[in-house]
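Data block below; observations after.
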2 protein chains.
Amino acid sequence: MDQDQASIGADLQRRLDHYVRPGIPKYMAMRDAIAHAVADGSWVPGLRLPTEVEWAATLPLSIGTIQRALRMLVDEGIIVRQQGSGTFVAGQPDESMHAPLHCRFIDDSGTGYLPVYPKIVDRHDVKEPGPWTDHLRCPRTLCIERVLAIGDEFSVFSRFYADPQRLSAFQSLPLKKLANENFKELIMRDTAQAIGRMDQYLSARRFEAPICKAIGVRSGTCGQRLDIRAYVGKGSPVYYQELFIPPNERVLHLARDGRDRGLAEG
Amino acid sequence: MDQDQASIGADLQRRLDHYVRPGIPKYMAMRDAIAHAVADGSWVPGLRLPTEVEWAATLPLSIGTIQRALRMLVDEGIIVRQQGSGTFVAGQPDESMHAPLHCRFIDDSGTGYLPVYPKIVDRHDVKEPGPWTDHLRCPRTLCIERVLAIGDEFSVFSRFYADPQRLSAFQSLPLKKLANENFKELIMRDTAQAIGRMDQYLSARRFEAPICKAIGVRSGTCGQRLDIRAYVGKGSPVYYQELFIPPNERVLHLARDGRDRGLAEG
DNA sequence: GCCCATTTGTGCGTATGTATG
DNA sequence: GCATACATACGCACAAATGGG
C-alpha cells in the first residue's frame with residue numbers, strides 16, 4: 001500500500017467514526033462515509049481507492065461487508081469498479097455535472113444546453129401553507145425566488161422551496177455567493193445523495209403581473225407552468241419548485257433524475 | 001412446507017433451468033426467473049414465497065446467493081420482504097398500476113387522473129430514419145399511431161415506435177386487442193422489467209394538418225409536443241414516443257418512471 | 001405481559017472464477 | 001506465465017422483528 005492509499009484509508013477511518021451508530025448497519029456507514037467524502041470534494045474523480053483486502057485489513061469490517069457498501073456505491077454511480085484493475089471515484093468527464101437540472105433548453109447544435117444565468121430576486125421564510133407543505137413537511141420553509149435568463153433569448157421565473165434546517169447552505173450562504181452556485185451540487189454536498197426522483201406537473205397558465213414584469217414579458221402572458229417535487233434516495237423529499245416558462249421556440253429537456261449524463265448518452 | 005409453497009418452489013425450479021446459462025450469475029438467473037413469474041401473472045400480488053432456508057434446501061443455491069437475488073427484487077419493487085414474517089409478491093392495491101405512463105391529466109378531485117380512451121389509427125413499419133433510429137437501433141421499426149381521448153374534454157395524438165422483434169406483442173396482437181391493452185403492461189410482460197428511465201423533450205409547436213384533423217382541433221393549432229425516449233433497467237432502450245397535446249386547462253403529471261405509485265405517495 | 005419458534009437482516013470468513021496489466 | 005483485484009458463491013453465526021400461544 002503506497003502512501004496515498006494509506007492516507008485515503010486513514011481518512012475513511014476517521015470519517016467512519018462519525019457514521020457508525022447503533023442501529024446503522026456497517027455497510028451503510030461505510031457507504032455514507034465514502035459518499036460524503038466524494039460529495040464534499042475531498043476525494044476527486046479518478047482517485048483510486050484501496051483494494052478490498054487492504055480495507056479489510058485496516059477497517060473493522062469484513063470483505064463481504066465492504067463489498068456490499070462498494071456495490072451500493074456502484075449502483076448509485078458514485079464509484080466505478082473494474083475487475084483486475086481497481087476501484088475509482090466516478091468522474092464527470094464533461095461539464096454535464098454542472099448543468100442545471102431544470103431549464104435545460106437544447107441549443108442550436110442539438111447536443112448541448114443553452115447557458116442559464118440565474119439572478120436571485122428574493123429569499124424569505126414562508127408562513128402560509130401551500131403545495132410545498134405536504135411535500136416537505138418541515139416546521140419552517142425557505143423560499144428563494146430567481147430569474148433564470150436562458151441564453152440571451154428569454155427568462156424563466158423560479159420559486160424554490162426547501163427546509164433550511166436540512167439544506168443549511170441555502171439559508172446560510174450570502175445571496176451573492178448563492179447566485180453563483182449550482183443548486184443541484186449544493187444539495188449533493190448537504191445530503192451526499194443525488195436527486196433520485198422527481199414528480200413534475202405541467203400546465204398552461206396565465207402568469208401573475210409581478211412575474212411577467214420580472215421576466216420581461218407583457219402583462220397577461222400565458223405560458224407553461226412546471227411544478228416539481230424532488231426527492232433524494234428512494235423517496236425522501238428535498239425541495240419543491242415552481243417554474244414559469246414563457247412561450248419560446250426551444251425544446252426543453254425534462255430531466256429524469258439528478259444522475260443524468262446529459263445528451264451524449266441519450 | 002405446505003403444498004402451495006412446495007408448488008411455488010417446483011415452479012421456480014423449472015423456470016430456473018431456462019435461465020441458468022454459462023456466463024449468467026446464479027443470483028441473476030434467480031432474479032430473472034422470479035421477475036418473469038411475476039410479470040407473466042403466474043405469481044399474483046400478495047402471494048407468499050418460500051423462506052430463504054426452504055429455497056436453499058430445494059435449489060442448488062446458497063442462502064447468500066438467494067438473499068442477493070431477493071434483495072435485487074426488493075430494490076426493483078417486485079417483491080416485499082418483512083423480517084419475521086416472510087417474502088411476498090408486491091401488490092398494486094389500487095388501480096394505479098393500470099394507469100397510463102403518459103397522458104396523466106389530473107382530475108377535478110386532484111387525487112386521480114382523467115380516464116384515457118385510446119383508439120388505434122394505424123400500425124405500420126417505418127423505413128425512413130428519424131429520431132427513433134438512434135434511440136432504438138433495431139433493423140426494423142414498428143410505428144403505432146393512436147388518438148387518446150382524455151375524459152370527454154380533448155384528445156392527444158400519439159406515435160409509438162418500438163422494435164417488433166423485442167416487443168413482439170405490439171406486432172402480433174390484432175388491432176382490436178391491442179387497443180384495449182395497457183402498453184406499459186405489455187412491455188413488462190415481454191421484458192419482465194419496469195420502465196426505469198425516461199428522457200422527455202417538451203416544445204411548443206404548430207401541429208400538422210392531419211394531426212389536427214385526427215384530434216379534432218382547427219387546422220394550424222399550436223400546442224405542446226412531447227418526445228419521449230424510454231428505457232428499461234439501467235439504460236436499455238425500449239420505445240420512442242411522440243405526443244401532440246392541444247391547449248387545455250388540465251395539469252399533466254409527467255411520470256418519473258414505470259414504478260410510479262400514482263398521486264397518493266407523491 | 002412474556003416466551004418462543006419463525007423469518008429476514010447483518011456480519012464474518014473462505015474459496016474459487018475471471019479480467020487486467 | 002504470473003501477481004493483482006474484483007466478482008461470484010458458499011456456509012455459518014447471531015441480531016432483530018413478527019406472530020402466536
Side-chain angles (χ1 to χ4, degrees), chain A residues 1-2 4-6 8-9 16 19-34 46-90 234, chain B residues 1-2 4-6 8-9 16 19-34 46-90 234:
Chain A
M1 193 190 302
D2 62 85
D4 286 348
Q5 302 280 304
I8 297 172
L16 260 185
Y19 292 98
V20 284
R21 258 187 288 279
I24 304 292
K26 289 186 179 181
Y27 65 86
M28 194 64 78
M30 183 174 182
R31 180 252 159 228
D32 289 341
I34 296 177
L47 177 69
R48 184 191 165 141
L49 303 185
T51 69
E52 297 173 351
V53 288
E54 283 169 353
W55 259 339
T58 314
L59 307 171
L61 307 171
S62 72
I63 293 262
T65 302
I66 292 168
Q67 285 178 331
R68 183 161 176 186
L70 296 179
R71 188 158 53 237
M72 291 182 70
L73 291 161
V74 169
D75 289 341
E76 297 180 67
I78 294 176
I79 64 173
V80 176
R81 313 194 75 199
Q82 200 161 20
Q83 191 173 155
S85 177
T87 301
F88 308 86
V89 175
K234 287 206 165 302
Chain B
M1 192 190 305
D2 62 87
D4 286 347
Q5 303 279 305
I8 297 172
L16 259 186
Y19 292 98
V20 283
R21 257 187 287 279
I24 304 294
K26 290 187 180 181
Y27 67 84
M28 194 63 78
M30 183 175 182
R31 180 254 158 223
D32 288 341
I34 295 177
L47 178 68
R48 183 190 166 143
L49 304 185
T51 69
E52 297 174 354
V53 288
E54 283 171 351
W55 259 338
T58 314
L59 307 172
L61 307 171
S62 71
I63 293 261
T65 302
I66 292 168
Q67 285 179 330
R68 183 162 176 186
L70 296 179
R71 189 159 54 236
M72 291 183 68
L73 291 161
V74 169
D75 289 341
E76 297 180 66
I78 295 176
I79 65 172
V80 177
R81 313 194 75 199
Q82 200 161 21
Q83 192 172 154
S85 176
T87 301
F88 307 86
V89 175
K234 286 206 167 299

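Below, chains carry the letters A, B, ... as their sequence lines are ordered, and counting in each starts from 1.
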Integer-rounded Å distance: [N] [atom2] and [X] [atom1]:
| X | N | atom1 | atom2 | result |
| --- | --- | --- | --- | --- |
| B/R71 | C/dT8 | CZ | P | 13 Å |
| B/I63 | D/dA15 | CD1 | P | 18 Å |
| B/L73 | C/dG9 | CG | C1' | 17 Å |
| B/I66 | C/dT7 | CD1 | P | 14 Å |
| B/E52 | D/dC14 | CD | C1' | 14 Å |
| A/R31 | C/dT10 | CZ | P | 15 Å |
| B/M30 | D/dA9 | CE | C1' | 14 Å |
| A/Q82 | C/dT18 | CD | P | 18 Å |

Within less than 4.0 Å of OP1 or OP2 of [N], is there a side-chain N or O belonging to [X]?
| X | N | result |
| --- | --- | --- |
| B/R81 | C/dG9 | yes |
| A/S85 | D/dT4 | no |
| B/Y27 | D/dA9 | no |
| A/R68 | C/dG11 | no |
| B/S62 | D/dC10 | yes |

Does [X] reach a base, just sugar-phosphate, or nothing at all? Heavy atoms under 4.0 Å.
| X | result |
| --- | --- |
| A/L61 | sugar-phosphate |
| B/Q67 | base |
| B/R48 | sugar-phosphate |
| B/G64 | nothing |
| A/P60 | sugar-phosphate |

query = Hey, is B/R71 close enough to B/E76 for a salt bridge, meaning N to O under 4.0 Å?
reply =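 Salt bridge flag = no for B/E76 with B/R71.
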
ask   = Does a side-chain heavy-atom distance below 4.5 Å link A/V20 with A/M30?
value =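 Result no, sub-4.5 Å side-chain heavy-atom pair not found.
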
task = Confirm from the modelled atom types if A/Q83 and C/dG17 form a donor-acceptor pair under 3.5 Å, side chain to base only.
result =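 Counting by modelled atom types and ignoring angles, a donor-acceptor contact under 3.5 Å is found here.
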
query = Is there a donor-acceptor contact under 3.5 Å from the side chain of A/R31 to the main chain of A/K26?
reply =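 Checking the backbone N and O of A/K26 against the side chain of A/R31, no donor-acceptor pair under 3.5 Å is found.
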
inquiry  = Check whether A/T58 reaches the backbone of A/E54 with its side chain - one donor and one acceptor, N or O, closer than 3.5 Å.
reply    =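 At least one qualifying donor-acceptor pair exists.
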
inquiry  = Return the CG to OH distance between B/L73 and B/Y27, rounded to the nearest 0.5 Å.
reply    =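 Nearest 0.5 Å value for the CG-OH distance: 12.5 Å.
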
message = Let me spell it out: for each of B/V53 and A/M28, pick the nucleotide of DNA chain C with the closest heavy atom. Which residue's pick is nearer the 5' end?
response =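 Result: B/V53.
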
